[in-house]
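Have a look at the structure below before the remarks.
So that the names make sense, note that chain A is the first sequence line, chain B the second, and so on, each numbered from 1.
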Number of protein chains: 2
Amino acid sequence: MVTLEDVAKQAGVSLATASRVLNGSTRQVGAALRARVEQAADELGYRANIAAQTLARGASNVIGIVVHDLTDPYFAALADGAMRAAATEGLLVMVGTTHRDPEQEIAYVATLHAQRVRAVLLVGSRVADPAVTGRLRDELARYQAGGGRAACVGQDLLGVDTVAPANRQGAAELARALAGLGHTKFAVLAGPPHLVTAADRCAGFAGALGELGLPAPQVIHGPFDRDGGYAAAQQVGDATCVFAVNDVMAVGALAACRERGIRVPEDVSVAGFDDIVTLRDHVPALTTVRLPLKDMGARALVLALNEDDPVVVEQVAGEVVLRESVRRMT
Amino acid sequence: MVTLEDVAKQAGVSLATASRVLNGSTRQVGAALRARVEQAADELGYRANIAAQTLARGASNVIGIVVHDLTDPYFAALADGAMRAAATEGLLVMVGTTHRDPEQEIAYVATLHAQRVRAVLLVGSRVADPAVTGRLRDELARYQAGGGRAACVGQDLLGVDTVAPANRQGAAELARALAGLGHTKFAVLAGPPHLVTAADRCAGFAGALGELGLPAPQVIHGPFDRDGGYAAAQQVGDATCVFAVNDVMAVGALAACRERGIRVPEDVSVAGFDDIVTLRDHVPALTTVRLPLKDMGARALVLALNEDDPVVVEQVAGEVVLRESVRRMT
DNA sequence: GCAGACTTGGAAACCGCTTTCCGGGAGGTC
DNA sequence: GACCTCCCGGAAAGCGGTTTCCAAGTCTGC
């Protein structure tokens, strides 16, 4: 590969001068030399070695994003928001996918630390297991001790800056809205019991029903994805309204209903959570709680880069969106 | 940050020994020293500086993937396939999104070159503009001249290893299948004229119709995304069957039909291309041409890493999948 | 015309790690 | 017991940049 030294030699200048011309510096270089250097660099096809720059400067221009699954539109939207924000700051992005394995997540933080990335964004739900959360916290603390910055989208469990969707409130509002339509018998496709996001949404929903004096919903646990929703929907009893704790599960539930000849919303109403853009053309249109996912991703990046000391936790409110997958009870 | 020197000092050994213990080497280190070093590293919370390793070793363990848009499930699936393959090789992934700007794509290749990534994967359709393709080729050539490896998913336009979906054949087969159902009047939502993937699919489709002695389809150009399909669908004339050159556009077209009270498939049949997994629950289920996207992404990574000299171009066949969005004409 | 303030180019130290090259000690062979 | 290997630890030379520190001009202003 072409090095700066090659360029300097070809241009007949010192390494220092070549560096100042090509790779940004506070110091000026005369027009004549500057032109010579630029021409030499171009002729040789020079590209600065960023590993060397990172080493010399002691600071890298890449950030790391850790998500569970890129093919899940929820994570894709969040990651996209963060990446757009990163691009405006001139930062590059390393993306890691854990496929929901917490060990992978810890390993990724270690790797990104080793890369000396400027910041790490952890996107996605934490599991409630204190042992694994503790190890993740330790790994993050190590990274931060060395000057690394971190932020998280999800629950405030890691002691870092956090963009936290208001899952409980959102689910509670949704419950009130659905109750307002006259529903009284609910089921919740609740996802995995140890997943905090899922548990919060479920709890918020059930709590609001309790406050309204309505009977507790039937709670059905299962995986947090489309197939989990599909499977859980089979177990729904006599509820008139089913709340899936995320949109992807709701879509699975709708598919299950369709296959079994259960009409939505005539026979049963279905609601989700997140308002995934890709699903906007789904039939029937999904009632859900809208989260500004792209903004949240971008916001998390800003928080991570922010120098301020105190850990900040930003609550992001969701907005109930009623669509045709639910009906008014008469 | 903790450096290897700190560890070596704390363990009372030389830098060389510490390096050999912690960061893999062909050479053995005695058990006693090895233990001392490991303990010191653990106490201090040492993480190797990968920038320094990359510099010293002259080889990095990251690969770059350039896609147009991560929130498009087509790219997400491809990227996910490549990332899984990368993970099995112990490689890290940098993802760049161009948002369909060819200049961005060139800039990303330059940046990844500067990062000295082990390989670059270019995912997504090329534009037909020879000027911009030429500049991208130049940039890639520069990178490869320095020992970089590259591969591409899409058209074989860059002179690098390529995984090429058989767009023409797939579209032709689809056309034959639809004609076999009795359709004779077709429209094609053809995407942008300069996008090679779109053009190939359109040409393959039209060509097959011609061979069957059917009239040429109405061709409507527009953006390559959901909204493009939505808008183009408004201009369809008296066709009984509409082919959108990708699934996302087809979904937009279906939405347009729905809004205008046009029933699918009763009033008009609609087909897409790609078989996006996220859309499997769409109603009506979309007739399409299935592409093994994850495999293609993984395959591209393997090709890129492959040392062999001759440029290889792998055709990937699509498989026509007839679903309820098309009907048999009687 | 000259002191002093700015500019600008270059030499060299340094960033954190890998790896070659040396050297000393242990173990094996005859 | 001498000689040869083999094994393993350490010193030091890079890897490709950045940046500090000097020194030599170049401009000012009076």
Neighbour count above 12 (heavy atom, 6.0 Å) for B:Gln315 CD |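 Atom CD in B:Gln315 is crowded, with more than 12 foreign heavy atoms closer than 6.0 Å.
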Donor-acceptor pairs under 3.5 angstrom involving side-chain atoms of residues 111-121 of chain B: please list them, not counting sequence neighbours.
from	atom 1	to	atom 2	distance (Å)
B:Thr111	OG1	B:Ala107	O	2.9
B:Arg116	NH1	A:Arg47	O	3.4
B:Arg116	NH1	A:Ala48	O	3.4
B:Arg116	NH1	B:His113	O	3.1
B:Arg116	NH2	A:Arg47	O	3.0
B:Arg118	NH1	B:Ser60	O	2.9

To the nearest Å, how far apart are B:Leu22 CG and C:dT19 P?
->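 The distance from CG of B:Leu22 to P of C:dT19 comes to 14 Å, rounded to the nearest Å.
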Does a side-chain N-to-carboxylate-O contact under 4.0 Å join [X] and [Y]?
X        : Y        : result
B:Asp80  : B:Arg84  : yes
B:Glu139 : B:Arg135 : no
B:Arg100 : B:Asp72  : yes

How would you list, by chain and number, every residue that makes a side chain to side chain contact (heavy atoms under 4.5 Å, CB included) with A:Leu78, sequence neighbours excluded?
->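 With sequence neighbours excluded, A:Leu78 shows a side chain to side chain contact (heavy atoms under 4.5 Å, CB included) to A:Tyr74, A:Val123, A:Val153, A:Leu293, A:Met296, given in chain and number order.
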Qualifying residues under side chain to side chain contact (heavy atoms under 4.5 Å, CB included), relative to A:Gln39, sequence neighbours excluded =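 Counting only residues at least two positions away or on another chain, A:Gln39 forms a side chain to side chain contact (heavy atoms under 4.5 Å, CB included) with A:Glu43.
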What one-letter contact string describes nucleotides 10-18 of chain D from 5' to 3', where B marks a base within less than 4.0 Å of any protein heavy atom, S marks contact via sugar-phosphate atoms alone, and - marks no contact?
-> BB--BBBBB
Terminal axes of the helix from C:dG1-D:dC30 to C:dC30-D:dG1 (five pairs each): angle between them, nearest 10 degrees |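 Rounded value for the end-axis angle: 30°.
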Hey, could you give me each pair passing side chain to side chain donor-acceptor pair (under 3.5 Å) that has a residue in residues 145-160 of chain B? Not counting sequence neighbours.
->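 Those involving residues 145-160 of chain B are B:Gln155-B:Thr197.
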Name the nucleic acid region contacted by A:Gly30, choosing base, sugar-phosphate or nothing; use a 4.0 angstrom heavy-atom cut-off, strictly under.
->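 Counting heavy atoms under 4.0 Å across all strands, the contact made by A:Gly30 is with sugar-phosphate only.
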